[in-house]
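Notes follow once the structure below has been shown.
When reading the values below, keep in mind they use all heavy atoms of this one structure, side chains included, and skip hydrogens, waters and symmetry mates.
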Amino acid sequence: MGSTSAENNNGSDYTGAPDVGRRDLIKRSAALGLIAVPTMSFLSACASSDSGSDKKATAGTKTAKNPLAVNATAQMEFVLFDGGFGKEYAEDAVKIYEKDFPKAKVKFSATQKIQSTLQPRFNQGTPPDLIDNSGAEQMDMGVLAGKQQLTDLTPLLDAPSYDDPSKKVRDTLRPGIVEMGQLDGDPVWIMYYAYTVYGVWYSQKALDSLDEKYPETWDQMLAVCAKAKKKGMAGWTYAGKYPYYLPFSLYPMIGKVGGREVLDAIDNLEPNAWKAPAVKACFEAYYELFKKGYILKGTPGIDHIQSQTAWAEGKALFIPNGSWVENESANVIPKDFNLAVSAPTGIDSSDKLPFGTIWASGGEPFIVPAKAANAAGGMEQLRIMLSEASSKNFTSKVKSLTAYNGGTSGITLTPGLTSGVAALKLAGANVLNPRLQDWYVQLQKEQIGVAGLGEMMAGRATPAETIKKIQGYADATAKDTSIKHYKHQ
């Protein structure tokens, strides 16, 4: 979330710490409603707070080199999520800001605890100027936007790009990035910086050792898993403690089987959306992995790092994840692993969309708080990061694409990144973008993820029971007037 959202993902999925989920979560007990979840109470508190400082930096002089009229002497504070992408790429971009505004002090920090660190700041009305809102303590951006806690980034998008004054920033971005940040209507509240390819990740070497190709139908998937099991390798593993990683391959599979309208209905919280035949078929397919013993033993009790390590060690063939996994697992992936990603396997030839249909979208959500003292500075830092040089720097160092539509020329792409680019090319127009993980964080991660899919894949609930439970969660979210609701336009 990420991830990511994952880790959303974000980032995703991303932490490098064995006890913290990339794309989140509080605790299993919180997800099951056994303890109070701090996320919503925090957001309500920060949204309702009128205390704190209103000391805004005065505007600077607008020039060709300073189109956002940044105050050249004002401090700019930047808080980054310290996850799988690391912080070096951001530190490099900060150095450019400092070079452009040598009299300005930049206060840069990185943390895995975004909510805990920033809760008092939001409550006091003194938030940083730029935040990478990702990781286990990602703040609910739908709530933040709904409570008018974010700055509209339209001025950044309409500013000249850092490289070419004849092009606006918005004209240099990948398709869908601006729309992802809109949520509802014209304002753009979020800038997703990374561009994440979600799907099923695997070792091409391991697949070749089975004399198999990536399976396109579910019967083929089961056959590959059966062959892997005979050789002592599990078919699948996943972040059992953070099972909202499962949708990284499950959601696009649902879209492939039933068409994107099924995912849109789910995002829109439409009645009975989860009871669609495509959802039932895909849930039953995944449940079959459990029933046939094709999931790595102990998976429900391990986190994202442990599952990725087991997978990298050859204990499991497939893992649902986002493109951050190549950087996050770089220290455990063997040199001859030949990392690859595929769009999800479908059911059969009756699927509505062709094989190759994939989920790819913006990750690593950056926001500028409404009460930021130097919002122009925060947006300028993003303008720098969306330059070709910063984009190339990010891609080279963290093995992921950015929102900048380019930035790969002259770079030797890693195996995973090469595979991701190929997957996007194969998908063509069949790129899906489910929005639950950024519209309804609690629903997606704690309820659908942990309480729903996590229980099903551990064998503690049937697909029918899980669908009924998840539909109940979605209905409750739809009826909750304290939650801002969004719909596909």
Side-chain angles (χ1 to χ4, degrees), residues 1-32 34-47 49 77-87 90 108-124 126-128 130-147 149-150 189-190 192-194 239 241-245 303-305 322 324 328 363-369 436-451 483:
M1 162 110 176
S3 111
T4 175
S5 212
E7 222 212 65
N8 89 199
N9 313 219
N10 16 126
S12 133
D13 22 319
Y14 277 58
T15 65
D19 60 341
V20 183
R22 164 60 186 90
R23 291 253 170 218
D24 349 42
L25 196 51
I26 317 303
K27 296 245 185 219
R28 183 176 298 272
S29 54
L32 296 176
L34 301 178
I35 63 173
V37 180
T39 307
M40 300 305 293
S41 59
F42 153 57
L43 289 170
S44 298
C46 75
S49 173
E77 185 179 3
F78 178 1
V79 177
L80 183 83
F81 169 68
D82 189 3
F85 288 145
K87 55 186 178 180
F108 175 82
S109 62
T111 178
Q112 291 181 2
K113 298 183 179 296
I114 293 295
Q115 176 185 308
S116 298
T117 303
L118 299 181
Q119 175 174 349
R121 304 280 304 278
F122 270 88
N123 289 343
Q124 295 161 11
T126 58
L130 180 62
I131 302 168
D132 174 15
N133 182 31
S134 194
E137 292 196 17
Q138 179 189 57
M139 297 177 285
D140 191 319
M141 287 167 291
V143 174
L144 287 173
K147 297 294 185 179
Q149 290 295 296
L150 302 179
W189 306 115
I190 309 155
Y192 288 88
Y193 186 64
K241 289 185 177 180
Y242 313 112
Y244 40 85
Y245 275 61
D303 63 18
H304 63 304
I305 297 297
W324 63 79
E328 188 169 62
E364 290 308 302
F366 283 76
I367 56 175
V368 175
L436 283 184
Q437 73 174 13
D438 46 289
W439 284 357
Y440 307 107
V441 173
Q442 184 181 17
L443 172 65
Q444 164 69 9
K445 295 175 177 175
E446 300 169 18
Q447 298 177 331
I448 296 171
V450 176
I483 297 174

Just say parallel, tilted or perpendicular for the rings of Y242 and H304, cut-offs at 30° and 60°.
-> perpendicular

Please name all residues satisfying side chain to side chain contact (heavy atoms under 4.5 Å, CB included) with P127, sequence neighbours left out, ordered by chain then number.
->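 P127: side chain to side chain contact (heavy atoms under 4.5 Å, CB included) contacts with F122, P369, K371.
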
Heavy-atom pair of closest approach, residues [X] and [Y]:
X	Y	value
L150	A145	CD1-N, 4.0 Å
A110	D82	CB-CB, 3.8 Å
I190	P365	CG2-CB, 3.5 Å
F81	S134	CD1-O, 3.4 Å

First locate atom [atom1] of [X], then atom [atom2] of [Y], and finally report the distance between them rounded to the nearest 0.5 Å.
X	Y	atom1	atom2	value
L118	N133	CG	CG	8.5 Å
I367	L144	CD1	CG	5.5 Å
Y440	K445	OH	NZ	15.0 Å
D132	I114	CG	CD1	6.0 Å
M141	Q149	CE	CD	14.5 Å
I131	T111	CD1	OG1	11.5 Å

Ignoring hydrogens and angles, tell me if any N or O in the side chain of Q115 forms a donor-acceptor pair with the backbone of M139 under 3.5 Å.
->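 It does not hold such a pair.
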
Between the side chain of Q444 and the main-chain N/O of L436, is any donor-acceptor distance below 3.5 Å?
-> no

Note, F366 side chain near L130 side chain (heavy atom, < 4.5 Å) = yes

For S109, check side-chain hydrogen bond (donor to acceptor under 3.5 Å, both in side chains) against everything at least two apart and list the hits.
-> none

Audit row: D438, Y192, side-chain contact (heavy atoms from CB on, under 4.5 Å) steps and yes/no = CA-CA 11 Å; D438 46 289; Y192 288 88; 3.1 Å; yes

